[in-house]
Amino acid sequence: MQVELTLSASKEFFNGYKNKSWLSSGIFSFFMSLILAIIWYKLLNKQQSFSRVIRDAIKFSEFEPFYQPIIDSRTQQVLGAEMLVRWCKRDGSIVPPSQFIPFAEDSGLIIDITEQLVTKVVDDILRFGWHQSDHFVSINIVPKHIENDTFFKFLTSAMDEKKLQPKHISLEITERLQIDDLHTARQELNKFFDYGIDLKLDDAGTGYGGFSYVQELGINTLKIDKMFVDTINGNDVKASVLEGIISFAQSSELSTIAKGVEEPSQVTYLAERNVFTIQGYVYARPMAKKTF
């Protein structure tokens with residue numbers, strides 16, 4: 001059975017309903033715009049507030065270098081360390097990097113934070129007595145550090161002041177962030193290379209750069225990311241990527257460092273593939289300079 005429903009109305013009713021529809025739509029749009037404006041204002045205000053908090057932390061020198069040793073698994077000797085930033089607030093609490101590094105990178109404050117850390121790192125190298133050895137400290141950089149020569153001048157000036165040799169500092173650039181202009185980046189990196197500082201590719205195989213970073217930027221060491229180390233002795237499909245990274249590094253005569261290594265069995269697996277330089281909890285966690 002089919003039912004047909006017909007509605008009819010007068011012209012006055014139709015015009016009145018149309019006017020009310022326009023009015024209700026206008027009111028709805030107004031309130032939605034108001035709500036979005038309030039949300040945007042709060043987000044912007046929150047960002048500005050967080051920016052002020054970080055600037056204050058820089059002012060009061062709250063960013064501290066923590067060090068995770070890099071070990072030769074054959075000799076169990078410390079070769080160097082990676083410097084990892086921690087925000088040590090004046091109330092004694094420690095803010096993990098994941099809660100401020102992304103914002104610092106997006107806002108450009110990462111430059112000021114890194115400069116504060118460099119000042120402390122060069123002092124720590126002397127404190128450790130590493131200036132009389134071949135030990136090194138790796139410092140993480142992002143694309144903003146190599147957009148111009150500001151960071152190069154700051155780092156080399158700090159090293160020259162403390163009479164450190166180039167071998168005592170190395171740079172690590174992550175593959176997780178994209179470098180838009182590889183040509184300009186290489187020109188800036190050449191200044192570090194000419195000075196004698198080498199460059200490692202951190203998080204190899206996880207991000208934008210791929211092998212183009214190795215070809216274009218003058219990388220001489222690949223750091224194998226924890227996500228691939230975790231596939232050792234498992235059935236994860238990424239295990240083939242680990243084998244590929246190791247094979248590529250060896251065929252390209254690149255050094256390798258495996259990071260995020262937590263188990264002795266992983267150390268053994270990597271050693272069987274001639275990867276002997278290890279960083280991870282299997283040896284030590286990142287630690288403050290006094291503990292280190």
Yes or no on salt bridge (Lys or Arg N to Asp or Glu O under 4.0 Å) for Lys144 and Glu105, after CA distance, side-chain angles and deciding distance? CA-CA 8 Å; Lys144 287 186 182 296; Glu105 291 174 346; over 6 Å; no
If Ile, Leu, Val, Met, Phe, Trp and Tyr residues are connected whenever their side-chain heavy atoms lie under 4.5 Å apart, and connections chain through other members, are Leu199 and Leu79 in the same group? no
Could you grab the distance from atom CG of Leu242 to atom CG of Asp230, nearest 0.5 Å is fine? 10.5 Å
Sort and list the pairs that fulfil ring-ring contact (aromatic ring centres under 6.0 Å, His included) and have at least one residue in residues 59-81, not counting sequence neighbours. Phe63-Trp87, Phe63-Phe100, Tyr67-Phe128, Tyr67-Phe292
Would you give the length of the straight line joining atom CG of Leu201 to atom CG of Asp225, rounded to the nearest 0.5 angstrom? 10.5 Å
To the nearest 0.5 Å, what is the distance between NE2 on His131 and CG on Leu164? 8.0 Å
All pairs passing side-chain hydrogen bond (donor to acceptor under 3.5 Å, both in side chains) where residues 255-267 contributes a residue, at least two apart: Asp202-Lys259, Asp203-Lys259, Asn233-Ser265
How far does OG1 of Thr277 sit from CD1 of Ile70, to the nearest 0.5 angstrom? 8.0 Å
Is the backbone N or O of Ser73 less than 3.5 Å from a side-chain atom of Gln76, with the two atoms forming a donor-acceptor pair by type? yes
Looking at Arg285, I'd like to know if its CZ atom is crowded, meaning that more than 12 non-hydrogen atoms belonging to other residues, nucleotides or ligands lie closer than 6.0 Å. no
Hey, could you give me each pair passing ring-ring contact (aromatic ring centres under 6.0 Å, His included) that has a residue in residues 153-178? Not counting sequence neighbours. none
Contacts satisfying ring-ring contact (aromatic ring centres under 6.0 Å, His included) that involve residues 230-288 (not counting sequence neighbours) are Phe211-Phe248
Say whether Glu82 and Ser138, considering side chains only, have a donor N or O and an acceptor N or O under 3.5 Å apart. no
Hydrophobic cluster membership, with links at side-chain heavy-atom distances under 4.5 Å among I/L/V/M/F/W/Y: are Val282 and Phe228 in one? yes
Could you check whether Asn190 and Tyr195, counting side-chain N and O atoms only, form a donor-acceptor pair closer than 3.5 Å? no
Excluding sequence neighbours, so at least two apart, what forms side chain to side chain donor-acceptor pair (under 3.5 Å) with Lys167? Asp134
Checking Arg74 against Asp72 for the salt bridge (Lys or Arg N to Asp or Glu O under 4.0 Å) test, could you report, in this order, the C-alpha distance in whole Å, the side-chain angles of both residues, the deciding distance, and whether it holds? CA-CA 5 Å; Arg74 295 166 295 186; Asp72 185 330; 3.1 Å; yes
Output all residues satisfying ring-ring contact (aromatic ring centres under 6.0 Å, His included) with Phe192, sequence neighbours left out; order by chain, then residue number. Phe152
Identify whether Ile139 and Ile58 are in the same connected component of the hydrophobic contact network (ILVMFWY, side-chain heavy atoms under 4.5 Å). yes
Donor-acceptor pair, side chain of Ser133 and main chain of Trp130, under 3.5 angstrom: yes
